[in-house]
Amino acid sequence: MSDVFSALSQLPLRWALLAGDHDLGKTLEGFTVRSKTEPILDLDCTVLERTDSEGTASLWVAPKSHDCTVLKYEYHNANKLLISSHIRYKIDNRWGQIPQSCEIKSYYGNEDLLRTGYKYTFDAFHANESIPAEEFLVKFPQGARVWDSRKRDANGKVIFYTVK
(Lines give C-alpha, C1' and ligand atoms only; values in the text may rest on other atoms or scores of the structure.)
Protein backbone atom coordinates (compact mmCIF):
# COMPACT_ATOMS: atom_id res chain seq x y z
CA MET A 1 0.00 0.00 0.00
CA SER A 2 1.33 3.45 -0.80
CA ASP A 3 2.06 5.94 1.97
CA VAL A 4 -0.89 8.01 0.75
CA PHE A 5 -3.34 5.12 1.15
CA SER A 6 -1.75 4.24 4.48
CA ALA A 7 -2.24 7.82 5.69
CA LEU A 8 -5.84 7.87 4.48
CA SER A 9 -6.54 4.66 6.39
CA GLN A 10 -5.56 6.53 9.57
CA LEU A 11 -7.94 9.38 8.84
CA PRO A 12 -10.61 9.27 11.55
CA LEU A 13 -13.22 11.19 9.57
CA ARG A 14 -15.23 7.98 9.36
CA TRP A 15 -15.75 8.16 13.12
CA ALA A 16 -17.66 11.40 12.79
CA LEU A 17 -21.25 10.94 13.88
CA LEU A 18 -20.74 7.17 14.09
CA ALA A 19 -20.12 4.82 16.94
CA GLY A 20 -16.86 3.74 15.33
CA ASP A 21 -16.27 1.93 12.06
CA HIS A 22 -17.00 -1.79 12.15
CA ASP A 23 -15.88 -2.21 8.51
CA LEU A 24 -12.35 -1.15 9.41
CA GLY A 25 -12.42 -3.08 12.66
CA LYS A 26 -12.38 0.14 14.69
CA THR A 27 -15.14 0.89 17.14
CA LEU A 28 -15.52 3.16 20.14
CA GLU A 29 -15.77 0.11 22.39
CA GLY A 30 -13.28 0.36 25.24
CA PHE A 31 -12.89 4.14 24.97
CA THR A 32 -13.28 6.07 28.21
CA VAL A 33 -13.86 9.79 28.71
CA ARG A 34 -11.17 11.98 30.31
CA SER A 35 -12.48 13.97 33.25
CA LYS A 36 -11.50 17.35 31.76
CA THR A 37 -12.30 18.78 28.36
CA GLU A 38 -9.54 20.27 26.17
CA PRO A 39 -9.74 23.08 23.61
CA ILE A 40 -8.97 22.51 19.93
CA LEU A 41 -9.17 25.68 17.81
CA ASP A 42 -11.10 27.35 20.66
CA LEU A 43 -13.69 24.55 20.63
CA ASP A 44 -14.47 22.68 23.83
CA CYS A 45 -13.57 19.02 23.17
CA THR A 46 -14.31 15.83 25.03
CA VAL A 47 -11.31 13.48 24.94
CA LEU A 48 -11.89 9.74 24.53
CA GLU A 49 -9.06 7.28 25.23
CA ARG A 50 -8.51 3.56 24.77
CA THR A 51 -5.43 1.72 25.96
CA ASP A 52 -4.60 -1.85 24.99
CA SER A 53 -1.48 -3.99 24.79
CA GLU A 54 -0.23 -2.07 21.75
CA GLY A 55 -0.71 1.52 22.87
CA THR A 56 -3.16 4.34 23.55
CA ALA A 57 -5.55 5.91 21.05
CA SER A 58 -7.09 9.32 21.81
CA LEU A 59 -9.93 11.13 20.03
CA TRP A 60 -10.88 14.79 20.55
CA VAL A 61 -14.53 15.37 19.68
CA ALA A 62 -16.60 18.56 19.90
CA PRO A 63 -20.08 17.42 20.93
CA LYS A 64 -21.67 20.84 21.47
CA SER A 65 -20.38 22.75 18.47
CA HIS A 66 -19.47 20.12 15.86
CA ASP A 67 -21.93 17.23 16.32
CA CYS A 68 -19.26 14.92 17.79
CA THR A 69 -16.99 15.05 14.76
CA VAL A 70 -13.37 14.06 15.43
CA LEU A 71 -11.09 17.12 15.45
CA LYS A 72 -7.92 15.36 16.53
CA TYR A 73 -6.62 11.79 16.77
CA GLU A 74 -3.39 10.54 18.32
CA TYR A 75 -1.90 7.11 18.81
CA HIS A 76 0.92 6.55 21.31
CA ASN A 77 3.00 3.46 22.01
CA ALA A 78 5.37 3.37 25.00
CA ASN A 79 4.63 7.09 25.54
CA LYS A 80 5.89 7.91 22.03
CA LEU A 81 3.62 9.61 19.49
CA LEU A 82 3.26 7.39 16.40
CA ILE A 83 0.30 8.94 14.54
CA SER A 84 -1.36 12.34 14.72
CA SER A 85 -4.33 13.71 12.75
CA HIS A 86 -5.85 17.20 12.97
CA ILE A 87 -9.08 17.84 11.09
CA ARG A 88 -10.81 21.16 10.40
CA TYR A 89 -14.43 21.41 9.38
CA LYS A 90 -16.63 24.05 7.81
CA ILE A 91 -20.37 24.37 8.06
CA ASP A 92 -22.39 23.45 5.01
CA ASN A 93 -25.98 24.72 5.12
CA ARG A 94 -27.36 21.43 3.84
CA TRP A 95 -25.01 18.82 5.35
CA GLY A 96 -23.71 20.42 8.55
CA GLN A 97 -20.06 19.81 9.43
CA ILE A 98 -18.01 18.79 6.40
CA PRO A 99 -14.22 18.37 6.28
CA GLN A 100 -12.19 21.36 5.16
CA SER A 101 -8.64 20.09 5.72
CA CYS A 102 -6.72 17.37 7.48
CA GLU A 103 -3.09 17.07 8.49
CA ILE A 104 -1.73 13.58 9.17
CA LYS A 105 1.73 12.82 10.55
CA SER A 106 3.37 9.53 11.43
CA TYR A 107 6.57 9.22 13.42
CA TYR A 108 9.34 6.74 13.98
CA GLY A 109 8.38 5.98 17.57
CA ASN A 110 11.81 5.07 18.82
CA GLU A 111 13.45 8.24 17.50
CA ASP A 112 10.73 10.94 17.57
CA LEU A 113 11.43 11.63 13.89
CA LEU A 114 8.75 12.48 11.35
CA ARG A 115 8.25 9.50 9.07
CA THR A 116 5.54 10.85 6.77
CA GLY A 117 3.32 13.90 6.73
CA TYR A 118 0.34 14.81 4.58
CA LYS A 119 -1.99 17.76 4.41
CA TYR A 120 -5.27 17.31 2.60
CA THR A 121 -7.48 20.20 1.57
CA PHE A 122 -11.02 19.32 0.57
CA ASP A 123 -12.25 21.80 -1.99
CA ALA A 124 -15.46 20.05 -3.01
CA PHE A 125 -18.12 18.04 -1.25
CA HIS A 126 -20.57 15.86 -3.13
CA ALA A 127 -23.18 13.70 -1.44
CA ASN A 128 -25.58 11.21 -2.94
CA GLU A 129 -23.55 11.25 -6.14
CA SER A 130 -23.88 8.38 -8.56
CA ILE A 131 -20.34 7.05 -8.94
CA PRO A 132 -19.77 3.90 -11.00
CA ALA A 133 -18.22 0.99 -9.07
CA GLU A 134 -15.38 0.89 -11.62
CA GLU A 135 -14.05 4.16 -10.17
CA PHE A 136 -13.13 2.27 -7.01
CA LEU A 137 -11.25 -0.60 -8.64
CA VAL A 138 -7.51 -0.38 -8.06
CA LYS A 139 -5.01 -2.64 -9.79
CA PHE A 140 -1.80 -2.80 -7.81
CA PRO A 141 1.46 -3.48 -9.66
CA GLN A 142 3.34 -6.72 -9.10
CA GLY A 143 5.46 -6.55 -5.96
CA ALA A 144 3.28 -3.93 -4.25
CA ARG A 145 2.68 -4.47 -0.53
CA VAL A 146 -1.05 -4.26 0.17
CA TRP A 147 -2.93 -4.08 3.46
CA ASP A 148 -6.50 -5.31 3.13
CA SER A 149 -8.53 -3.66 5.90
CA ARG A 150 -11.49 -5.90 5.12
CA LYS A 151 -9.63 -9.08 6.10
CA ARG A 152 -8.37 -9.80 9.62
CA ASP A 153 -6.28 -12.56 11.19
CA ALA A 154 -7.36 -14.45 14.33
CA ASN A 155 -6.10 -11.55 16.52
CA GLY A 156 -8.07 -8.93 14.59
CA LYS A 157 -4.98 -7.52 12.85
CA VAL A 158 -5.16 -6.35 9.23
CA ILE A 159 -3.72 -8.88 6.80
CA PHE A 160 -1.07 -7.67 4.36
CA TYR A 161 0.38 -9.39 1.33
CA THR A 162 2.61 -8.81 -1.70
CA VAL A 163 0.92 -8.73 -5.12
CA LYS A 164 2.22 -11.50 -7.40
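Not measured: the values here are computed from a predicted model.
- Judged as a side chain to side chain contact (heavy atoms under 4.5 Å, CB included), and not counting sequence neighbours, the contacts of Leu114 are Lys105, Tyr107.
- Following chains of ILVMFWY side-chain contacts shorter than 4.5 Å, one cannot reach Val47 starting from Leu81, and the two form parts of different hydrophobic clusters.
- Residues Leu48 and Val33 are in side-chain contact: their nearest non-hydrogen atoms beyond the backbone lie under 4.5 Å apart.
- The distance from atom OG of Ser101 to atom CG of Asp123, rounded to the nearest 0.5 Å, is 11.5 Å.
- In this structure, Arg34 places its CZ atom where more than 12 heavy-atom neighbours from other residues, nucleotides or ligands lie under 6.0 Å away.
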Less than 3.5 Å apart, which donor and acceptor atoms pair up between the side chains of residues 135-144 and the rest of the protein, not counting sequence neighbours?
none

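- Here the closest heavy-atom approach between residue Ala57 and residue Phe31 is recorded as O-CE2, 3.7 Å.
- Between Tyr89 and Leu71, the closest side-chain pair of non-hydrogen atoms falls below 4.5 Å.
- Taking both residues in full, the closest heavy atoms of Lys90 and Phe122 are given as NZ-O, 4.3 Å, listed atom of the first, atom of the second, then distance.
- Interatomic distance, Tyr118 OH to Ser85 OG, rounded to the nearest 0.5 Å: 12.0 Å.
- Among residues two or more places apart in sequence or in another chain, the side chain to side chain contact (heavy atoms under 4.5 Å, CB included) test is passed with Thr51 by Thr56.
- In this structure, CD on Gln100 lies 12.5 Å from CD1 on Ile87, to the nearest 0.5 angstrom.
- Going from atom CG of Leu43 over to atom NZ of Lys72 covers 13.0 Å, rounded to the nearest 0.5 Å.
- Using a 4.5 Å heavy-atom cutoff, the side chains of Tyr120 and Ile104 are in contact.
- Annotation: the span from Thr46 atom OG1 to Lys36 atom NZ amounts to 14.5 Å, rounded to 0.5 Å.
- To the nearest 0.5 angstrom, Ser84 atom OG is 5.0 Å from Glu74 atom CD.
- Environment of CG in Asp52: crowded, with over 12 heavy atoms of neighbouring residues, nucleotides or ligands closer than 6.0 Å.
- For the pair Trp60 and His86, the minimum side-chain heavy-atom distance is 4.5 Å or more.
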